[in-house]
Amino acid sequence: VQLQASGGGLVQAGGSLRLSCTASGLALSSYAMGWFRQAPGKERDFVAAIVWSGTVTRYADSVKGRFTISRDNAKNTVDLQMNSLKPEDTAVYYCASYRHPYLDGAYDSKEFYTYWGQGTLVTVSS
């Protein structure tokens with residue numbers, strides 16, 4: 001099983017990036033999926049999650065209204081569209097598969113995600 005996150009890079013504040021998570025050896029349609037991020041010297045924090053069908057999403061307050069998570073089960077991908085980026089969004093972003101196809105009360109806890117991608121670095125300059 002391998003998850004691969006891509007799409008990171010350097011962007012100016014106010015700009016946009018689109019991250020993509022692809023999977024091999026794992027049918028993402030069987031899982032809710034999440035994005036987390038980890039800034040240097042900090043904990044890995046929840047960013048966004050989406051149920052298997054794509055009909056329900058959840059966001060951290062810090063990104064609500066700016067980020068959008070989506071999925072294409074036919075392509076086995078999950079994307080994170082990031083708009084109005086801020087310097088504080090700078091981090092390594094990780095995609096991960098949740099323990100269930102739906103989101104329960106623990107969706108923002110990294111402990112309940114099973115498979116993780118290797119991360120992609122997003123740097124937002126001021």
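If you read the sequence from its start, that first residue is 1, and numbering goes on from there.
- Each of Lys110, Glu43, Arg44 was compared with Gln38 under the side-chain hydrogen bond (donor to acceptor under 3.5 Å, both in side chains) criterion, and only Arg44 meets it.
- Considering only residues two or more places apart in sequence or on other chains, Arg71 meets the side chain to side chain donor-acceptor pair (under 3.5 Å) condition with Asn73.
- Applying the side chain to side chain donor-acceptor pair (under 3.5 Å) criterion to Tyr98, with sequence neighbours excluded, gives Asp104.
- Residue pairs that meet the side chain to side chain donor-acceptor pair (under 3.5 Å) test with at least one member in residues 114-126, sequence neighbours left out, do not exist here.
- Atoms CG and CD1, on Leu28 and Ile50 in that order, are 11.0 Å from each other to the nearest 0.5 Å.
- The shortest side-chain heavy-atom distance between Leu3 and Cys21 falls under the 4.5 Å cut-off.
- By the rule that hydrophobic residues join a cluster once side-chain heavy atoms approach within less than 4.5 Å of another member, Phe46 and Val78 end up as members of separate clusters.
- Among residues at least two apart or in separate chains, side chain to side chain donor-acceptor pair (under 3.5 Å) pairs with a member in residues 80-92 are Ser16-Asn83, Arg18-Gln81, Arg37-Asp89, Arg66-Asp89, Gln81-Asn83.
- When all heavy atoms of Tyr59 and Ala48 are compared, the pair lying nearest together is CD2-CB, 3.6 Å.
- Linking ILVMFWY side-chain heavy atoms closer than 4.5 Å, directly or via other members, places Phe67 and Val11 in a single hydrophobic cluster.
- Here disulfide (SG to SG under 2.5 Å) pairs that include residues 38-79, with residues two or more places apart or in two chains, number zero.
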One pair to check against side chain to side chain contact (heavy atoms under 4.5 Å, CB included): Leu17 and Leu85. What are the steps and the verdict? CA-CA 8 Å; Leu17 280 175; Leu85 283 162; 4.2 Å; yes
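- At distances below 3.5 Å, at least one donor-acceptor pair connects side-chain atoms of Asn76 with backbone N or O atoms of Leu26.
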One pair to check against side chain to side chain contact (heavy atoms under 4.5 Å, CB included): Thr77 and Met33. What are the steps and the verdict? CA-CA 10 Å; Thr77 60; Met33 295 294 295; over 6 Å; no
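- Screening Ile69, Asp79, Val122 against Leu19 for a side chain to side chain contact (heavy atoms under 4.5 Å, CB included) leaves a single residue, Val122.
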Derivation and outcome, side chain to side chain contact (heavy atoms under 4.5 Å, CB included), residues His100 and Trp52: CA-CA 9 Å; His100 298 310; Trp52 72 275; over 6 Å; no
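- Screening residues 23-35 for side chain to side chain donor-acceptor pair (under 3.5 Å), with sequence neighbours left out, gives no hits.
- In this structure, the ring of Tyr113 has its center less than 6.0 angstrom from the ring center of Phe36.
- Follow the hydrophobic side-chain contacts under 4.5 Å out from Tyr107 and you reach Val56 in the same cluster.
- Within the 4.5 Å cutoff, the side chain of Val47 has no heavy atoms near those of the Asp45 side chain.
- Residues Val1 and Gly25 approach most closely at CG2-O, 3.4 Å, considering heavy atoms.
- The 12-atom threshold is exceeded at NZ of Lys64, counting heavy atoms of other residues, nucleotides or ligands nearer than 6.0 Å.
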